[in-house]
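This is a predicted model, so every value here is computed, not measured. The figures here come from the full heavy-atom set of this structure, side chains too, leaving out hydrogens, waters and symmetry mates.
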Amino acid sequence: MTYNRRNFLYLIGAATGTAVLGISQKNNQAIAQSDKPKAEVFTLPPLPYEYEALEPYINAETMRFHHDKHHGSFVKKLNQLVEEYPELSNKSAEELLKDLKKLPKEIQKTVRNNAGGHVNHTMFWSIMANDGGGEPNDAIAFAIDKSFGSFAEFQTLFNETGMNQFGSGWVWLVMDKRKQLKVLSTPNQDNPLMQGMYPIMGNDVWEHSYYLTYRNRRDEYLEQWWNVVNWNEVNQRFQQALNYKI
């Protein structure tokens, strides 16, 4: 009887210990899972070239701060917003901008600034290259001549529009709903998608884009920027615009 009772108590103790151990292991696993970084919905795209690739027109220090710090900040804030509003996680940054007025009012400004900054800069890095410059080619060249008279006239209009943007913003070549090309500017990080237009190319005229190289000489920056324009990428974006449903 004593043996059976002791054996019984031993079995209960062993079972209890196993159960406790199992709970402990599950808790440790849960803690370990919670410590893992969450997958980010939005990511900072790497530059398609080295920081110094666009010199002497845009210096490496400008590119490093502009890409890593400024663009990185937009991505970080977008991901923080998605944590608070997980229903946004199934939308791209472009979709957020197009549907801006459908979003809760309290987050519209944050989306406008940070989704705009993310979309604008993702395009910006791609339409520049260390072997860029010269005149446009293929379909975009014909479209520019048809819409503006010549490439030189288009350049003049683009530069003047960039100069006339008061304060921070962007100057754009866009396609509207009628598939017509236009040059316009937007303040801050606003994107033409918000106006129902597709951005084919754009130049950032915020001071952080040029101040370390050109100081306050925005006009010189606008002129020199043409030396790094990646016309192959611009032409691809023109083709995308033709097929894009605004």
Are [X] and [Y] connected, step by step, through hydrophobic side chains (Ile, Leu, Val, Met, Phe, Trp, Tyr) whose heavy atoms are closer than 4.5 Å?
| X | Y | answer |
| --- | --- | --- |
| L47 | F124 | yes |
| F142 | V174 | no |
| M63 | L212 | no |
| F158 | F151 | yes |
| L100 | F74 | no |

Measure the spacing between [atom1] of [X] and [atom2] of [Y] and express it to the nearest 0.5 Å.
| X | Y | atom1 | atom2 | result |
| --- | --- | --- | --- | --- |
| Y211 | R218 | OH | CZ | 12.5 Å |
| M194 | L96 | CE | CG | 11.5 Å |
| I144 | Q155 | CD1 | CD | 9.0 Å |
| S89 | L78 | OG | CG | 12.5 Å |
| R178 | M197 | CZ | CE | 11.0 Å |
| I200 | L181 | CD1 | CG | 5.0 Å |

So, does [X] use its side chain to make a donor-acceptor pair with the main chain of [Y] at under 3.5 Å?
| X | Y | answer |
| --- | --- | --- |
| N79 | F42 | yes |
| S209 | V205 | no |
| E55 | A60 | yes |
| Q165 | S168 | yes |

Side-chain contact test, heavy atoms from C-beta onward, threshold under 4.5 Å: evaluate it for [X] versus [Y] and give yes or no.
| X | Y | result |
| --- | --- | --- |
| E223 | Y214 | no |
| F238 | L242 | yes |
| T122 | H71 | yes |
| E233 | Q236 | yes |
| V229 | N203 | no |
| R237 | P199 | yes |
| D190 | W172 | no |
| Y57 | M128 | no |

[X] and [Y]: which non-hydrogen atoms are nearest, and at how many Å?
| X | Y | value |
| --- | --- | --- |
| M163 | D219 | SD-N, 3.4 Å |
| V119 | A93 | CG2-CB, 3.6 Å |
| N137 | N235 | O-OD1, 3.7 Å |
| W231 | E135 | CD1-O, 3.6 Å |
| L44 | G72 | CD1-N, 3.9 Å |

Classify the side-chain pair [X]/[Y] by whether it contains a donor and acceptor separated by less than 3.5 Å.
| X | Y | result |
| --- | --- | --- |
| W206 | H70 | no |
| D131 | Y49 | no |
| W225 | N159 | no |
| E153 | S150 | yes |

Is the count of non-hydrogen atoms from other residues, nucleotides or ligands lying under 6.0 Å from [X] atom [atom1] greater than 12?
| X | atom1 | answer |
| --- | --- | --- |
| E220 | CD | yes |
| Y244 | OH | yes |
| K179 | NZ | yes |

Go through the steps for V41 and L88 under the test side-chain contact (heavy atoms from CB on, under 4.5 Å), then give the verdict. CA-CA 9 Å; V41 175; L88 303 180; over 6 Å; no
Among N114, V111, V82, N113, exactly one meets side chain to side chain contact (heavy atoms under 4.5 Å, CB included) together with K77. Which residue is that?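 With K77 as partner, N114, V111, V82, N113 yield a single side chain to side chain contact (heavy atoms under 4.5 Å, CB included), made by N114.
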Below 6.0 angstrom between ring centroids: does that apply to H67 and H121?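 Centroid separation for H67 and H121: 6.0 Å or greater.
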